[in-house]
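No hydrogens, no waters, no symmetry mates; every other heavy atom, side chains included, goes into these values. Source: prediction; values computed, not measured.
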Amino acid sequence: MRPDGRKPAQLRPIKITRDFNIYAEGSVLIEFGNTKVIVTASVEDKVPPFLKGTGQGWITAEYSMIPRASETRSLREVVRGSPSGRTHEIQRLIGRSLRAAVDLKKLGERTIWIDCDVIQADGGTRVASITGAFIAVADAVIKLEKQGLFKSNPLKDFVAAVSVGKVNNEIVLDLNYQEDSKAQVDMNLVMTGKGEFVEIGATGEENTFTEQDFQKMLEYGKSGIQRLIKIQKEFIEGVPSLGHWERKNVKEFVYKE
């Protein structure tokens, strides 16, 4: 039995509140159990210097945790003087994941900034950020398309992420902090709606894992992501093969297994 009573392959209750920020082109508050992340997508009509004149856009991310997002207060990274290595790693992962879902040429010379602010952390903050960021980015892109800024919609596919691990010699999906802190193996998985991989990151924590362990983690992770993409589809109607994307009129959605 898991600490919160879930079955091994069961996701935590998920709640997504759309348009959480009244200023950003796209925004959500996403909750995976007790993990809560505010995600905004902001659009700028400029690109980094290395993309100027190419006609191609860019998607990049910033990630942070507020001081009391966890059990003990942490210093803001601006006070420390620079982001930690962990923060850099997570920011790059979020950016890579969303770039996999958007045709940057069709985006034009624009940058979409994804800001992920963790207001409460109980494990899985990066995967919650990625899953919520897709909705925020999709909303921003659809808004710009309706303004006539694109010849065709740059969205290519859905993208979502989930954590899987081995805890007390059992493979489990969507780890909370209590499980993550003692996991023998920790894996983050990012996939598209087509079932293609963006990222597989599996690490033994002072332990090793077998091919059978890996295959079971992959099985649980793929199944979890399929369910997360179904949740995203409650907010966004997308037919990637036809280039058709629409924002559904849904403000809030709660999912429980």
Side-chain angles (χ1 to χ4, degrees), residues 1-17 28-37 39 90 93-94 97 100-101 116 118 120-135 157-236 238 250 252-257:
M1 181 67 71
R2 302 176 70 176
D4 54 9
R6 282 182 292 149
K7 296 176 182 178
Q10 188 174 351
L11 293 168
R12 287 177 285 181
I14 295 168
K15 180 179 179 182
I16 300 177
T17 306
V28 299
L29 167 65
I30 184 164
E31 304 175 45
F32 275 36
N34 289 323
T35 288
K36 302 182 181 185
V37 187
V39 185
I90 293 173
L93 173 61
I94 296 168
S97 300
C116 303
V118 180
Q120 187 165 282
D122 186 34
T125 60
R126 71 189 71 188
V127 297
S129 295
I130 292 166
T131 302
F134 174 79
I135 299 170
D157 203 352
F158 293 86
V159 67
V162 76
S163 65
V164 196
K166 185 176 183 179
V167 183
N168 296 327
N169 295 314
E170 182 174 33
I171 305 301
V172 293
L173 178 69
D174 189 19
L175 284 65
N176 63 21
Y177 177 74
Q178 189 176 350
E179 294 172 317
D180 186 54
S181 62
K182 61 180 182 180
Q184 297 157 284
V185 181
D186 182 34
M187 183 169 90
N188 292 305
L189 184 66
V190 187
M191 295 181 69
T192 68
K194 296 175 185 174
E196 297 174 343
F197 298 103
V198 180
E199 182 104 349
I200 303 174
T203 307
E205 301 287 347
E206 299 182 14
N207 285 276
T208 59
F209 54 98
T210 66
E211 184 176 348
Q212 288 73 25
D213 288 335
F214 178 73
Q215 291 297 334
K216 191 168 185 179
M217 287 191 291
L218 202 57
E219 175 191 337
Y220 279 15
K222 288 169 66 176
S223 174
I225 285 175
Q226 287 170 358
R227 283 171 271 164
L228 292 172
I229 288 175
K230 283 185 179 179
I231 294 170
Q232 291 174 335
K233 289 180 178 179
E234 292 292 329
F235 293 88
I236 302 292
V250 176
E252 183 179 286
F253 184 76
V254 178
Y255 175 83
K256 293 182 180 179
E257 297 188 337

Less than 3.5 Å apart, which donor and acceptor atoms pair up between the side chains of residues 195-207 and the rest of the protein, not counting sequence neighbours?
from, atom 1, to, atom 2, distance (Å)
E199, OE1, R96, NH2, 3.2
E199, OE2, R96, NH2, 3.1
N207, ND2, E205, O, 2.8

Quiz item: At their closest point, which heavy atom of Y220 faces which heavy atom of I171, and how far apart are they?
Solution: CE2-O, 3.3 Å
Exercise. Check S97 against I130 and note the closest heavy-atom contact, atom names and distance.
Key: OG-CD1, 3.6 Å
Quiz item: Is D180 reaching over with its side chain to a backbone N or O of Y177, donor-acceptor style, under 3.5 angstrom?
Solution: no
Practice problem: Taking the side chain as every heavy atom from C-beta outward, state whether L189 and I225 have any pair of such atoms under 4.5 Å apart. | Solution: yes
Quiz item: Is there a donor-acceptor pair closer than 3.5 Å between any side-chain N or O of T35 and the backbone N or O of G124?
Solution: no
Exercise. Taking all heavy atoms of I94 and all of C116, pick out the closest pair and write down the distance.
Key: CD1-SG, 3.8 Å
Quiz prompt | Y255, OH atom: more than 12 neighbouring heavy atoms under 6.0 Å | solution = yes
If you look only at distance, which donor and acceptor atoms sit under 3.5 Å apart when one is on a side chain in residues 227-235 and the other is two or more places apart or in another chain?
from, atom 1, to, atom 2, distance (Å)
R227, NE, S223, O, 3.2
R227, NH1, A9, O, 3.3
R227, NH1, E257, OE1, 2.9
R227, NH1, E257, OE2, 2.5
R227, NH2, A9, O, 3.2
R227, NH2, S223, OG, 3.1
Q232, NE2, T131, O, 3.0
Q232, NE2, V159, O, 2.8

Self-check item: Shortest non-hydrogen separation from D122 to Q178 and the atoms involved
Solution: OD1-N, 4.5 Å
Quiz item: Got a second to check how far M217's CE is from F209's CZ, nearest 0.5 Å?
Solution: 5.0 Å
Quiz item: With sequence neighbours left out, which residue pairs that include part of residues 167-179 fulfil the salt bridge (Lys or Arg N to Asp or Glu O under 4.0 Å) condition?
Solution: R2-E179, R6-D174, R6-E179, R12-D174
Quiz item: Is a side-chain donor or acceptor of S129 paired with a backbone partner of T125 at a separation under 3.5 angstrom?
Solution: yes
Quiz item: Does L11 reach the side chain of V162, with side-chain heavy atoms less than 4.5 Å apart?
Solution: yes
Quiz prompt | Exam field: side chain S163 to backbone N188, donor-acceptor pair closer than 3.5 Å | solution = no
Practice problem: Without swapping roles, check the side chain of E219 against the backbone of K216 for a donor-acceptor pair under 3.5 Å. | Solution: no
Quiz item: How long is the span from the CZ atom in F214 to the CE atom in M187, to the nearest 0.5 Å?
Solution: 5.5 Å
Practice problem: Find the distance between CZ (F253) and NZ (K15) and round it off to the nearest 0.5 Å. | Solution: 12.5 Å
Self-check item: Closest non-hydrogen atom pair, D4 against N176
Solution: OD2-ND2, 3.7 Å
Self-check item: Atom of R126, atom of L93 and distance for their closest heavy-atom approach
Solution: CD-CD2, 3.8 Å
Quiz item: Is it true that a side-chain atom of Q120 and a backbone atom of N34 form a donor plus acceptor pair closer than 3.5 Å?
Solution: yes
Practice problem: Check whether any side-chain heavy atom of V185 lies under 4.5 Å from a side-chain heavy atom of D213, and answer yes or no. | Solution: no
Quiz item: So, does T17 use its side chain to make a donor-acceptor pair with the main chain of V28 at under 3.5 Å?
Solution: no
Quiz prompt | Heavy-atom check, side chain of V250 versus side chain of E252, under 4.5 Å | solution = no
Exercise. Just do the side-chain contact (heavy atoms from CB on, under 4.5 Å) check on L173 and Q10 with the steps written out, would you?
Key: CA-CA 6 Å; L173 178 69; Q10 188 174 351; over 6 Å; no
Quiz item: About how many Å separate CD1 of I135 and CD1 of I236, when rounded to the nearest 0.5 Å?
Solution: 7.0 Å
